[in-house]
Amino acid sequence: MNAPESDNTEPERLDFIRQIVADDIASKKNGGKVVTRFPPEPNGYLHIGHAKSICLNFGIAKEVGGTCHLRFDDTNPEKEDTEYVESIMEDVRWLGFDWGDNLFYASDYFDQLYDWAVKLIKDGKAYVCDLSADEVSEYRGGWNKEGKDSPNRDRSVEENLDLFARMKAGEFKDGEKSLRAKIDMNSSNMNLRDPAMYRIRHQHHHRTGDKWCIYPTYDWTHGQSDSLEGITHSICTLEFENHRPLYDWYVEALGIHHPQQIEFARLNVTHTLTSKRKLLALVEGGHVSGWDDPRMPTISGMRRRGYPADALRDFCAHTGVTKFNGMTDLALLELYVRGSLNKTANRAMVIIDPLKVVIENYPEGESEMRQAKNNPEDDEAGIREMPFGRELYIERADFMEDAPKKFFRLTVGKEVRLKNAFFLKCNEVIKDDSGEIVELRCTYDPETSGGKAPDGRKVKGTIHWVSAEHAVDAEVRLYDVLFEQEKAGDVPDGEDLMDTINPKSLEVKQAKVEPSLVKAQAGDSFQFERTGYFCVDAKDSSPGKPVFNRTVTLKSGYKPKPAE
RNA sequence: UGCGGAAUCGUCUAAUUGGUCAAGACACGGCACUUUGAAUGCCGCAAUGCGGGUUCAAGUCCCGCUUCCGCAUCCA
């Protein structure tokens, strides 16, 4: 049964949660079984933070031969929808995880939850309260203010039973009554000051339809759902720490299987929002094209952007699991994205900001095919041919008239190598009336076809190019961070979050791409040499007319000194 | 002012549970190599929040302080 993970790298240190799990297995707690769960509320799209939770829960289960459930925590019909259910399932699968038959919905437990609520009423541990939401809040007191008992706290069991049944039957309006647990109105933990178990909401539920008009709260649902499913380790984020006593109270009051809730720090990434509310505002405000806009930190956005699933998994695995609320550098995510793509993405030559080059000693009207490796990291990727001719485009940034010493691209009177082709020398710069460079007159050395000069002379720089005659126009979308501040969404008082959006987060260019790219399929990733990794946008491309998304730039080793 | 958490290189994490010169990765800087200023390889940089105490020995134990995070939805 032991997985043949002979992939023995190092004596992998366990994080504190995996340590607890390992200890529990060793002590045969829960019969040595491990069952975890990923429990999203279907009220939005999954984002990078959820990816971490998915990797943790499914990852642990996989590592120890346990199982991990996917459960939709659909207790609040107001905000939930099947649209979200479907996207969540797609995202979890895309990330590479499989819940098998273990797909659950908290709404499947509504009947059981109702029966258990009746049991608590009978046990004198729950009561129907007539207070309005505002009154409840007032009665609850505050951190330094005592709570006051609800006037209905000592209602008889019979009356509670009757009222609760009538709540369910729809006799009351929204907010008119609620069912509360009878715990302690003076607890130092606010969650224990008689928390609500049921609220009245005459609302259609995406799964139970109009069967219910009372809906259980998160607290009254979560632990019991875990219990019903035989969850052993209920892993959640830090903000639920104060809820654990209540979680424990409910399962103890019911005398049912008691899973262990364990909290870890939520993932924060620089320049990245992980607040569902704020992401929703971006979408609804039209500041991005949708939940899957390639700038969004949603799983669907990152997928469309071209981030490979294994990069996301690696990233999550390397951010660690602790109770320390930190901020992880976006550079780490990009490291794994580049690392994955470097191994798998075929290379291509694309000129994003073209400058025309005319090779004066190349015969007019002729052209030839040059060979290029598809991926120097992977010999099996093979080679391809690309046309070369008298007129080329090179990247405008690869030429400089008055170049500093450390600039070893093209400049007047000096040679560079055209990748996969010849040495090229610039002789003359042609400008328009405004002084802008419009064309370079150059000569090439036909003897340097292999990339080396027979006389042994060296060039320092190698630049990419594309044949002007054969190149194809294609739309290229350059993405940058949505928020320039490291702590995205940290808006000073009185300012609007939307005003802090990076105006340059999207730049659209018409690029000159090598002809082979016309055949690129939606979702394909490429490395545009010396530029970055790009993928074919899955939504806006059409056959023969790809649109490219910049996934991430290449690291740039050339940093012009701002100093004079 | 209450309760619950958390503090280790710039960042994220380690440290045999009291025992060498506090380790790794990212970032940053440098060098080598290179038909991508990429990748790769090597080198460097840099930390135990503060103050006491216990001990031969403290990042680890004790006491006090400081700072940060979360919590007063019929949200999750």
Side-chain angles (χ1 to χ4, degrees), chain A residues 10-11 13 15 39-41 43 73-76 78-80 129 131-134 136-138 140-145 147 174-180 187-193 195-201 214-215 217-219 221-222 236-245 263 265-268 270 276-277 318-336 338-339 342-343 347 349 372-373 376-377 406-409 416-421 423 448 450-452 459-464 486 527-532 553-559:
Chain A
E10 69 251 41
R13 286 185 278 281
D15 59 65
E41 182 187 13
N43 69 342
D73 217 338
D74 54 353
T75 59
N76 184 2
E78 260 174 45
K79 301 189 276 185
E80 297 158 5
C129 179
L131 260 25
S132 70
D134 286 345
V136 166
S137 165
E138 196 189 314
R140 183 158 24 236
W143 290 322
N144 272 321
K145 240 176 49 210
D174 285 7
E176 219 174 290
K177 299 211 179 317
S178 63
L179 184 75
R180 301 172 68 186
S187 172
S188 54
N189 182 344
M190 288 297 153
N191 294 123
L192 263 20
R193 318 253 266 222
M197 294 166 63
Y198 277 93
R199 68 285 216 198
I200 300 174
R201 291 259 193 292
I214 58 172
Y215 291 96
T217 58
Y218 163 84
D219 285 304
T221 308
H222 205 91
C236 61
T237 43
L238 250 27
E239 65 267 32
F240 292 102
E241 254 169 340
N242 304 350
H243 290 246
R244 187 171 359 115
E263 311 86 9
R266 120 188 343 271
L267 172 67
N268 297 300
T270 56
K276 262 191 197 174
R277 206 192 87 245
H318 287 263
T319 48
V321 179
T322 64
K323 296 182 81 120
F324 176 68
N325 238 314
M327 175 79 74
T328 300
D329 197 334
L330 178 61
L332 192 67
L333 211 204
E334 296 188 334
L335 172 85
Y336 292 109
R338 291 190 188 102
N342 181 42
K343 296 275 187 294
R347 314 287 122 127
M349 298 226 258
K373 278 189 175 177
E377 303 281 327
K406 300 287 269 191
F407 184 83
F408 42 89
R409 282 116 99 148
V416 287
R417 175 165 37 230
L418 294 171
K419 174 122 184 160
N420 302 316
F423 283 12
T448 56
K452 290 190 171 60
V459 292
K460 186 76 176 152
T462 301
I463 64 173
H464 57 113
E486 288 214 330
Q527 185 199 93
F528 291 180
E529 286 193 88
R530 304 207 309 129
T531 305
T553 60
L554 242 38
K555 258 173 78 172
S556 172
Y558 175 65
K559 291 175 186 99

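Residue numbers begin at 1 in each chain, while the letters A, B, ... track the order of the sequences.
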Would a distance-only check, ignoring hydrogens and angles, find a side-chain to backbone donor-acceptor pair under 3.5 Å from R193(A) to G142(A)? yes
Atom-pair distance (NZ on K555(A); C1' on A38(B)), nearest Å: 9 Å
Just to be sure I understand the rule, does E529(A) reach a base, reach only the sugar-phosphate, or reach nothing, if contact means heavy atoms closer than 4.0 Å? base
Check: protein-nucleotides 6-11 of chain B nitrogen or oxygen pairs below 3.5 Å:
unit_1 : atom_1 : unit_2  : atom_2 : d
U11(B) : O3'    : M327(A) : O      : 3.3
U11(B) : O2'    : M327(A) : O      : 3.0

If I take atom NE2 in residue H318(A) and atom P in nucleotide U13(B), what distance separates them, rounded to the nearest angstrom? 14 Å
Give me the distance, rounded to whole Å, that separates C68(B) from G53(B) when you measure between the P atoms they each carry. 28 Å
Is it true that a side-chain atom of N43(A) and a backbone atom of E80(A) form a donor plus acceptor pair closer than 3.5 Å? no
So, does the side chain of R347(A) form a donor-acceptor pair with the base of U36(B) at under 3.5 Å? yes
Give one of base, sugar-phosphate or nothing for R140(A), where a contact means two heavy atoms less than 4.0 Å apart. sugar-phosphate
Sugar-phosphate only, base, or nothing, as touched by Q527(A) at under 4.0 Å among non-hydrogen atoms: base
At 4.0 Å (heavy atoms only), tell me whether F528(A) reaches a base, stays on the sugar-phosphate, or touches nothing. nothing
For the P atoms, the ones on A25(B) and on C43(B), what distance do you get once it is rounded to whole angstrom? 10 Å
For atom NZ of K145(A) and atom C1' of C3(B), their distance in whole Å: 16 Å
Does a side-chain heavy-atom distance below 4.5 Å link V136(A) with R140(A)? yes
With sugar-phosphate meaning primed atoms plus P, OP1 and OP2, does L554(A) contact a base, only sugar-phosphate, or nothing at under 4.0 Å between heavy atoms? base
Could you label the plane-to-plane angle of the H222(A) and Y218(A) rings as parallel, tilted or perpendicular, counting under 30° as parallel and over 60° as perpendicular? tilted
Nearest-Å distance, CZ (R530(A)) to C1' (G37(B))? 8 Å
Find the distance R13(A):CZ to A25(B):C1' and express it as a whole number of Å. 11 Å
Scan A331(A) against the nucleic acid and name what it touches under 4.0 Å (heavy atoms): base, sugar-phosphate only, or nothing. sugar-phosphate
Using a 4.0 Å heavy-atom cut-off, does H222(A) contact any base of the nucleic acid, only the sugar-phosphate backbone, or nothing at all? nothing
Scan Y215(A) against the nucleic acid and name what it touches under 4.0 Å (heavy atoms): base, sugar-phosphate only, or nothing. nothing
Nearest of A72(B), G70(B), U35(B) to any side-chain atom of T462(A)? U35(B)
Counting only distance, no hydrogens or angles, is the base of G37(B) paired donor-acceptor with the side chain of R409(A) under 3.5 Å? yes
Can U73(B) be described as syn, meaning its chi torsion is within 90° of 0, or is it anti? anti
Touch class at under 4.0 angstrom, heavy-atom based, for S137(A) against every strand present: sugar-phosphate
A76(B) P sits how many Å from F240(A) CZ, rounded? 9 Å
Hey, is the main chain of T553(A) close enough, under 3.5 Å, to the side chain of R338(A) for a donor-acceptor pair? yes
Have a look at P39(A) and say if it touches a base, only the backbone sugar-phosphate, or nothing, with a 4.0 Å heavy-atom cut-off. nothing
Indicate, with a heavy-atom threshold strictly under 4.0 Å, whether G451(A) touches base, sugar-phosphate, or nothing. base
Is any NZ, NE, NH1 or NH2 atom of the basic residue among K323(A) and E241(A) found under 4.0 Å from an Asp or Glu carboxylate oxygen of the other? yes
Taking only side-chain N and O atoms of R338(A), does any of them lie within less than 4.0 angstrom of OP1 or OP2 on U36(B)? no
Counting Watson-Crick and G-U wobble pairs whose two distances are both under 3.5 Å, find the runs of 3 or more in a row that involve RNA chain B. B:2-7 with B:66-71, B:10-13 with B:23-26, B:28-32 with B:40-44, B:49-53 with B:61-65
Please indicate yes or no: is the ring centre of Y218(A) less than 5.5 Å from the centre of the six-membered base ring of C75(B), with the two planes inclined by under 30 degrees? no
Minimum-distance nucleotide (side-chain atoms of T75(A) versus A72(B), A76(B), C74(B)): A76(B)
At 4.0 Å (heavy atoms only), tell me whether T322(A) reaches a base, stays on the sugar-phosphate, or touches nothing. sugar-phosphate
Remember a base hit wins even if backbone is also touched, and classify N144(A) as base, sugar-phosphate or nothing at under 4.0 Å, heavy atoms. base
Sugar-phosphate, base or nothing in reach of Y198(A), heavy atoms under 4.0 Å: nothing
May I ask you to decide if N242(A)'s main-chain N or O and N189(A)'s side chain share a donor-acceptor pair within less than 3.5 Å? yes
Given A14(B), C74(B), C75(B), which nucleotide is nearest the side-chain atoms of N76(A)? C75(B)
Nearest-nucleotide wise, let me know which of L238(A) and T217(A) is further upstream toward the 5' end of RNA chain B. L238(A)
According to a strict under-4.0 Å criterion, is K406(A) in side-chain N/O contact with OP1 or OP2 of G37(B)? no
Euclidean distance for P, U16(B) against U34(B) (whole angstrom): 44 Å
So which one's nearest nucleotide on RNA chain B is more toward 5', L131(A) or Y336(A)? Y336(A)
Exam field: side chain T270(A) to backbone L330(A), donor-acceptor pair closer than 3.5 Å: yes
To the nearest angstrom, how far is N191(A) atom CG from C74(B) atom C1'? 14 Å
Test side chain to side chain contact (heavy atoms under 4.5 Å, CB included) on M349(A) and L418(A) and set out the steps. CA-CA 11 Å; M349(A) 298 226 258; L418(A) 294 171; over 6 Å; no
Between T237(A) (side chain) and R266(A) (backbone), is there a donor-acceptor pair under 3.5 Å? no
Roughly how many Å is it from CZ in R266(A) to C1' in C69(B), rounded to a whole number? 12 Å
Determine the Euclidean distance between corresponding C1' atoms of A47(B) and A15(B); express it in Å to zero decimal places. 13 Å
Provide the distance between the two C1' atoms, one in C33(B) and one in G37(B), to the nearest whole Å. 13 Å
Taking atom C1' in both G64(B) and C26(B), what distance in whole Å separates the two? 37 Å
Say whether, by atom type as modelled, one donor and one acceptor occur between the side chain of T448(A) and the main chain of F423(A) under 3.5 angstrom. yes
Taking the C1' atom of each, how far is C3(B) from U11(B), in whole Å? 31 Å
Taking atom C1' in both G52(B) and A58(B), compute the distance separating them and give it to the nearest angstrom. 14 Å
